[in-house]
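Along the sequence shown, residues are numbered consecutively beginning with 1.
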Amino acid sequence: MVGAVAVASGALGYVVAMKRFSSSGLINKVHQKTKAKVVDSFKTSEMGQKSVFCRCWQSKKFPMCDGAHNEHNKATGDNVAPLIIEKD
């Protein structure tokens, strides 16, 4: 269930970001630019009780959130926030 929620949230974040940034072409401006695709995977058994993942592509700790979306939101009027996964 957690995996399905993560996939759905990631897909929704992608669609929203594509609409928001489609005029500039790139969403990811700095992370892993030598790779054809940026893919990060995690095993839920290796995660702590709570994990916070970046969805704004601004985090210096990507794929983990460092709160960079707060400054981005203030500067742009956007409302992007992280994906938070907590174990039951």
Report the relative orientation of the aromatic rings in W57 and H31; use parallel for angles under 30°, tilted for 30 to 60°, perpendicular for over 60°. tilted

With the 4.5 Å side-chain cut-off for hydrophobic clustering, are M64 and M47 part of the same group?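 As far as the 4.5 Å side-chain criterion goes, M47 and M64 are connected within one cluster.
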
In this structure, CD1 of I27 is separated from SG of C56 (nearest 0.5 Å) by 11.5 Å

Rounded to the nearest 0.5 Å, what separates atom CG in D66 from atom OG in S59?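 That separation rounds to 3.5 Å.
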
side-chain hydrogen bond (donor to acceptor under 3.5 Å, both in side chains) with K35: which residues, sequence neighbours excluded? Q32

Any donor and acceptor pair, going by atom type alone, linking the side chain of [X] with main-chain N or O of [Y] inside 3.5 Å?
X	Y	result
N70	H72	no
N73	V80	yes
Q49	K87	yes
K61	C54	no

Applying side-chain contact (heavy atoms from CB on, under 4.5 Å), name anything that partners P63, two or more places apart in sequence or on another chain.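 In terms of side-chain contact (heavy atoms from CB on, under 4.5 Å), with neighbours along the sequence ignored, P63 is linked to D40, F42.
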
Is it the case that more than 12 heavy atoms not belonging to K33 sit under 6.0 Å from its NZ atom? yes

Test side-chain contact (heavy atoms from CB on, under 4.5 Å) on V38 and F62; report intermediate values, then the result. CA-CA 10 Å; V38 178; F62 190 86; 3.9 Å; yes

